[in-house]
Amino acid sequence: MGEKAKYIFVTGGVVSSLGKGIACSSIGLLLKQRGLRVVLQKFDPYLNVDPGTMSPFQHGEVYVTDDGAETDLDLGHYERFIDRSLSQRSNVTTGQIYEAVINREREGGYLGRTVQVVPHVTNEIKARIRQAAENGDDVDVVITEIGGTTGDIEGLPFLEAIRQFRLEVGRENCLYVHLTLVPYIKAARELKTKPTQHSVKQLLSIGIQPNILICRTERPLSHDIRGKIALFCNVAEREVIEARDVPSIYQVPLIFRKEGLDDIVCEKLGLACPPPDMGEWERMVEKIYSMTESVEIAMCGKYVHLHDAYKSIVESFTHAGVANGVEVRIKWVDTEKIETEGAEAHLAGVHGVLVPGGFGDRGIEGKIAAVRYARENRIPFLGICLGLQVAVVEFARNVCGLAGANSSEFDRDTPHPVIDLMLEQRSRTMMGGTMRLGAYPCRIVEGSLAHRLYGVLDVSERHRHRFEVNNAYRTALAEAGLAISGTSPDGELVEMIELPGHPCFIGCQFHPELKSRPNRAHPLFRGLVGAARECKRERADCESTPAAAGGDD
Ligand code: GLN
């Protein structure tokens, strides 16, 4: 199918963090809603083979695909916007490109030639673009985001490759979109176009003439400003797209639509298709903007100063908020602080507690204390991956009476390793790509809270972990009242736990946040936020009827 596909390349200029990922996702959504089959792809110019070995402080969240690739968090935006599961082909790094080229060289695949950036590295990059178009079923449009900012040394091979690519597939099949910043200078009370002119010049100097400019701006672009950008950057005025700052990323496609972006894309690529059906999306965005009620949920992690480390969880809360008609306010709680100041100091008054995934022992005791607080105070709780693991440790210590219980990740000599290394992980020596990764089936126990939330008994969820619940402790945990509500189909791996009798207490070994979509909130997040809403309403009732408040238990 690759031959018939159309290709859109999105570059970024002036500064990073302009929202290229959201821009690509928004274009993808508009084209999808016009009936086209869209795939998105991201090129990352760093030398790591994948972000799996990078610290979240460096990189933000690692997004895991169904096929077990550890990828850039932009893939999360892609999947959430176009609602299509992407594969490892959708994230390509310089590290992967060089790994492939060097391996081929070692195998003698270049027949004695000198191996060079042009043409060998650029050929490998172009091959990856074509591969994206061969993604199983038919693909009409591939949207490729070039990471980094124009002018970065490390991005040059990618820009050279996409320049060449257009010659190969023909100009009618290929489009360059450039995302840029038009800053407002307060002292001059003016929007400035010079940075945009410069970054387009830089692209021109390597042979790429952008066809469409998307301009991030705080203020509306006047007719004059648009004209000036068009003149200096060699595009038509309507090809200058205003991308004004908006409170919700989900509004961006609607703004692009208003600006006629998808019409221009279709025209230029010769795609005959009806206007997009954005009705459902518009209603979702309206809901986000019209919430009157809110709940507060504590996010108890260790990367809380870098919200990007929990990107998909934050988005999942938005989706679950839409589903429940409430705005979710996240209270970022650093679990190291809980260790010194106690759980009460940070969690009193919240309507829900979430303990996310993580690695390493920093802040672990604080996480355990947060779980205990949620369990004892009947606050709705969701533990994800490490969050499930600390919930099991907490229960083992404080309910089963197994003093010193821990995960062997944090205490190799614990007398009760209730969480232990998975069997196939014991002999591993390499770090990259060696966890239990990607989609695995989970069988849910009938009649459990998980069953009520999912509404089905068989689900597939994505994983990224090395440790698991130690089966030697399953009976002890169950006898003390911890229900195992989901397992691998052979029953060997614990995938979900819950506490019957608690309003909502769930732990899952997988990452539900990776599969939540704006119009299809993940059942576990929907459940947590729904329970948080009830928790808040009940507390309000108690306060308004003092007699009832005293009558509790
Ligand atoms: N560190 C834990 C493990 O490897 C949890 C991982 C996670 O939360 N993603 O099992």
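Residue indices begin at 1 and follow the sequence shown. Order of listing sets the numbers, starting from 1, for every ligand and every atom in it.
Listed by chain and number, the residues in a side chain to side chain donor-acceptor pair (under 3.5 Å) with N406 amount to none (sequence neighbours excluded).
If you look at Y454 and H522, their ring centroids are closer than 6.0 Å.
Not a single heavy atom of E468 sits under 4.0 Å from any atom of ligand 1.
The ligand atoms of ligand 1 that sit less than 4.0 angstrom from a heavy atom of H511 are 9 (N). Residue contact check: G357 has heavy atoms under 4.0 Å from atoms 8 (O) of ligand 1.
For R397 and E365, the salt-bridge test passes: some basic side-chain N is under 4.0 Å from an acidic carboxylate O. In summary, R436 and E468 do not engage in a salt bridge, as defined by a charged side-chain N under 4.0 Å from a carboxylate O. A salt bridge between R537 and E293 is present, with a side-chain N of the basic residue lying under 4.0 Å from a carboxylate O of the acidic one.
For the pair G358 and ligand 1, the shortest N or O to N or O distance falls below 3.5 Å. The shortest N/O to N/O separation between E409 and ligand 1 falls below 3.5 Å. Note: an N/O pair closer than 3.5 Å links F467 and ligand 1 by distance alone.
Looking at atom 7 (C) of ligand 1, its nearest protein heavy atom turns out to be C385 SG, 2.9 Å. The protein heavy-atom contact nearest to atom 9 (N) of ligand 1 is R464 O, 2.8 Å.
With hydrogens and angles disregarded, no donor-acceptor distance shorter than 3.5 Å links the side chain of H77 to the backbone of L73. Remark: the backbone N or O of E336 is paired with a side-chain donor or acceptor of D334 at under 3.5 angstrom.
At a 4.0 Å heavy-atom cut-off, ligand 1 does not touch M435 at all. Under 4.0 angstrom from ligand 1, the non-hydrogen atoms of R466 come from both its backbone and its side chain.
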